[in-house]
Amino acid sequence: MFKKTLMAMALGGTLAAGVQAGEVEVLHWWTSGGEARAISVLKEMVEDEGHTWIDFAVAGGGGENAYTVLRSRAVSGNPPAAAQIKGLEIQEWGDLGFLADLDPVAEANDWDGKLPTIVADYMKHDGEYVATPVNVHRVNWMWANPAVFERAGVEIPTTLPELWAAADKLKAAGVTPIAHGGQAWQDATTFESMVLAVGGADFFEDVFVDMDQTALQSATMIEALRQFKRVSNYIDQGAPGRDWNVATGMVIRGEAAMQFMGDWAKGEFTAAGLEPGSDYVCAPFPGTEDAFTFNIDSLAMFKQPNPANTEAQMAMAALVLSDEFQQTFNLNKGSIPVRTDMDMSAFDSCAVEAMDTFKRTAVEGGLVPSMAHGMSTTSSIQGAIFDTVTEFFNSRSMTAEQAATQMARAVRAAQ
Amino acid sequence: MSVTSKKGLDYWLPKLVVSPTVAIAIVFIYGFIIWTSVISLTGSTILPRYDFVGFEQYVKLFQNPRWLSSLWNLLVFGVLFIGVCMVVGLILAVLLDQQIRAEGALRTIYLYPMALSFIVTGTVWKWLLNPTVGIERFVHNLGWESFQFDWIVNPDMAIYTVVIAGVWQSSGFVMAIFLAGLRGIDTSIIKAAQLDGASLFSVYTRIIIPSMRPVFFSAFIMLAHLAIKSFDLIVALTGGGPGNATDVPAIFMYQFSFQRGRLGIGAASAVIMLMTVLAILVPYLYSELRKPKDA
């Protein structure tokens with residue numbers, strides 16, 4: 001050990017120049033317990049290759065703060081090597097000419113062969129890889145506390161009519177049927193699952209991917225809005241402004257029966273020491289068992305002025321898709337690997353089910369990008385939908401027809 | 001020669017000392033106001049762009065129902081916040097002005113909320129007002145089961161909870177301004193009025209309060225700009241919700257500029273906010289600046 005250190009000290013300067021050790025600065029907002037553990041794996045792997053990792057973590061769940069920092073850094077000509085950007089934002093940054101070409105790394109590591117096409121498409125700008133995917137989240141999950149259902153004498157629902165019947169019984173039994181956090185993105189997360197349940201995957205794509213004006217105002221949409229509004233009868237008074245993990249806590253403690261949330265909620269159950277299947281149940285949002293709403297986290301790579309840093313950046317890009325990183329990161333994060341050829345034996349039953357559905361829907365159809373998590377639209381259209389959805393959910397007078405018209409108009413204005 | 005150079009230094013030194021401040025103010029205040037106005041006329045999205053589109057962003061802004069409701073919320077909040085703060089502040093100041101004991105301690109107690117940031121005020125009131133953990137729960141536990149105080153989760157009433165928290169924070173400060181004003185009034189006028197047999201009430205309503213016009217004005221200006229730029233209080237208290245029920249222009253500006261990548265429309269909303277402030281400030285400055293001529 002001592003010898004090694006001495007060697008390193010003596011050769012430090014020359015060695016560094018020899019292997020072109022560079023710096024990678026990574027802007028991300030994986031700051032909560034499990035997330036921080038997950039990203040530190042990548043840090044160690046990058047440092048093992050002799051490069052320097054500069055951690056640029058900006059707290060704030062949805063990354064709004066981080067984006068503001070990123071923008072000012074990019075404008076001043078000093079962007080970090082990689083930033084946690086996802087969905088169509090990658091295209092926007094690509095259009096502005098900030099992103100680095102990762103094709104050499106992608107070809108050397110056969111990314112095209114390892115990644116499902118739908119995932120790979122998000123990572124490419126003009127046919128070139130500019131970002132690396134790190135994980136896939138399934139958004140259309142329902143998290144349930146089976147003990148609470150048992151006490152009320154109802155089954156965990158698998159269809160919408162069953163959901164409302166169960167919710168009525170749970171309410172009568174004196175528990176809050178649905179744990180909800182009344183923030184715009186959480187309202188939208190529940191809403192998009194409802195659209196999927198009512199209209200199916202094709203309708204989902206018509207409204208949230210193609211932004212079809214007739215579909216946005218169709219009877220199916222009005223019905224989806226109506227069903228979505230029913231959720232508000234089964235949430236408690238404290239919901240407005242509540243954070244999602246506080247809502248998950250209600251399910252964990254048995255104060256509420258279920259929560260509609262993506263699989264990051266699993267981290268809360270795991271942290272509470274609960275086992276999937278027995279202590280808590282992960283089930284698809286009622287009526288969406290043949291669909292998979294995906295949310296892919298990714299790291300977009302920015303052009304670097306210094307060649308040594310570019311080398312470090314490329315090394316990191318390759319590491320992100322390695323077996324080791326994909327496994328450790330996703331075990332900690334609660335998500336599933338982006339590569340479908342991974343061994344899933346280390347993962348829990350929820351992750352295994354998610355992976356099976358992911359593979360199945362990728363072939364049979366039903367794999368759709370999440371609107372609420374910025375995969376299907378630009379942030380400006382997403383924001384317009386959020387405004388209407390959250391206003392409708394909280395309003396006491398707005399009708400579903402008015403909401404559909406207003407949403408269609410807001411989407412058009414934001415395009 | 002030597003005399004003129006000495007005079008030159010005396011003449012130039014003050015200007016030299018002040019010039020960095022002036023330069024910084026010109027660039028970072030007026031420069032950025034101009035830059036924001038320019039951006040508001042472009043089609044900028046996630047980064048500034050200079051493709052001029054005229055007043056399109058303003059048209060879009062005023063077609064956005066969320067902007068209109070945020071303006072309405074600002075009006076409701078502004079009028080109530082300024083009004084209630086002034087009334088409460090004035091009453092507190094008049095009561096404190098009665099030569100009571102321990103005035104210093106009381107003044108500190110009333111003024112103290114001002115020492116907290118709006119984020120703290122918002123968070124504390126958020127918990128107090130939350131029906132499942134706060135006042136409503138407390139009263140229920142006391143045994144009054146039918147008691148209801150759920151304004152913060154009621155979209156029609158939520159904006160008033162913002163007023164409550166804002167008044168709690170700022171009325172002590174208004175009191176301090178008014179108290180200073182009351183103390184600045186010439187006591188001989190009051191004594192003369194009292195000799196003439198005026199009651200304490202009419203001394204206040206007829207003499208003291210009318211002579212405090214400038215104090216009212218400065219309190220109004222300070223409260224008005226607090227109201228227009230209100231952001232942190234609402235973010236901490238309600239996050240703009242439930243729904244968009246407590247949305248205000250400052251939150252709108254922040255979200256559109258920095259979260260939704262619509263810099264142009266965000267800049268347009270910022271310009272509108274600036275104009276609102278100017279609409280209040282300009283008449284004030286005008287009346288203040290022409291006073292010396294009248295005198």
Side-chain angles (χ1 to χ4, degrees), chain A residues 60 62-72 74-75 85 88-89 92-93 95-98 176 181-184 186-187 232 235-243 250 255 374 378-384 386-398 402 406 409-410 412-414, chain B residues 44-49 56 59-67 69-70 122-123 126-127 129-134 136-137 148-158 161 234-247 252 254-266:
Chain A
E64 297 86 3
N65 306 338
Y67 273 143
T68 310
V69 178
L70 176 63
R71 236 173 258 144
S72 61
V75 172
I85 300 178
L88 298 185
E89 291 275 314
E92 288 183 51
W93 283 100
D95 290 341
L96 292 165
F98 278 105
T176 306
Q183 295 170 334
Q186 297 189 56
D187 293 341
S232 67
I235 62 176
D236 68 317
Q237 266 203 314
R242 179 187 283 147
D243 285 318
M250 292 171 65
E255 290 162 23
T378 58
S379 50
S380 106
I381 296 177
Q382 181 199 27
F386 275 24
D387 284 349
T388 317
V389 166
T390 191
E391 195 185 336
F392 171 64
F393 190 67
N394 287 286
S395 161
R396 306 201 165 175
S397 54
M398 197 176 195
Q402 286 170 337
Q406 187 173 322
R409 207 182 310 150
R412 200 164 47 217
Chain B
S44 300
T45 53
I46 59 173
L47 291 178
R49 245 182 6 209
E56 195 186 305
V59 175
K60 276 189 185 164
L61 183 65
F62 280 92
Q63 281 172 349
N64 191 321
R66 197 174 143 191
W67 170 252
S69 76
S70 78
T123 310
K126 176 170 140 184
W127 291 332
L129 293 166
N130 186 313
T132 54
V133 293
E136 185 176 307
R137 168 79 174 272
Q148 213 187 357
F149 186 57
D150 62 350
W151 285 9
I152 200 165
V153 297
N154 180 338
D156 301 327
M157 303 303 282
T161 64
I234 296 177
V235 166
L237 186 66
T238 61
N244 301 322
T246 50
D247 204 16
F252 182 97
Y254 177 76
Q255 282 200 346
F256 276 72
S257 310
F258 303 119
Q259 295 181 354
R260 296 198 183 164
R262 304 193 73 191
L263 219 46
I265 209 166

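In what follows, chains carry the letters A, B, and so on, assigned in the order in which the sequence lines appear, proteins first and then strands, with residues in each chain numbered from 1. Please read all numbers here as calculations on a predicted model, not as lab measurements.
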**OP:** Examine whether an atom of A:Ala384 lies under 4.5 Å from a heavy atom of chain B, and if so say whether it belongs to the side chain, the backbone or both; otherwise answer neither.
**Re:** backbone
Subject >> Part of A:Gln406 within contact of chain B (heavy atom distance under 4.5 Å) >> reply: side chain
Subject >> Check: A:Gln186/A:Asp243 side-chain N/O donor and acceptor closer than 3.5 Å >> reply: no
**OP:** Quick one: pull up CG in B:Asn64 and OG in B:Ser70 and give me the separation to the nearest 0.5 Å.
**Re:** 8.5 Å
Subject >> Under 4.5 Å from a heavy atom of chain A, the part of B:Gln63 involved >> reply: neither
**OP:** Could you grab the distance from atom CZ of B:Phe252 to atom OG of B:Ser69, nearest 0.5 Å is fine?
**Re:** 9.0 Å
Original post:
Between B:Leu237 and B:Leu129, which heavy-atom pair has the shortest distance, and what is it?
Top reply: CD1-CD1, 4.4 Å
Could you list the donor-acceptor pairs under 3.5 angstrom formed by side chains in residues 150-157 of chain B, with sequence neighbours left out?
{"residue": "B:Asp150", "atom": "OD2", "partner": "A:Gln237", "partner atom": "NE2", "Å": "3.2"}
{"residue": "B:Asp150", "atom": "OD2", "partner": "B:Gln148", "partner atom": "NE2", "Å": "3.3"}
{"residue": "B:Asn154", "atom": "OD1", "partner": "B:Asp156", "partner atom": "N", "Å": "2.8"}

**OP:** Could you tell me which of B:Pro131, B:Pro48, B:Gly239 has the largest number of non-hydrogen atom pairs under 4.5 Å with chain A?
**Re:** B:Pro131
**OP:** Could you tell me which non-hydrogen atom of B:Leu263 sits nearest to which non-hydrogen atom of B:Ile46, and how far apart they are?
**Re:** CD2-O, 4.3 Å
Subject >> Largest heavy-atom contact set with chain A, pairs under 4.5 Å, which of B:Lys126, B:Arg49, B:Gln259 >> reply: B:Gln259
Subject >> Most contacts with chain B, counted as non-hydrogen pairs under 4.5 angstrom, among A:Arg396, A:Glu92, A:Glu89 >> reply: A:Arg396
**OP:** Find the one option among A:Thr68, A:Asp387, A:Thr388 whose heavy-atom pairs under 4.5 Å with chain B are most numerous.
**Re:** A:Asp387
**OP:** Determine the option with the most heavy-atom pairs under 4.5 angstrom with chain B, choosing from A:Ala410, A:Gly383, A:Ala74, A:Ala413.
**Re:** A:Gly383
Subject >> Nearest heavy atoms of B:Arg66 and B:Phe256, plus distance in Å >> reply: NH1-CE1, 4.1 Å
**OP:** Pick one of side chain, backbone, both or neither for A:Asp187, based on which atoms fall under 4.5 Å of a heavy atom in chain B.
**Re:** neither
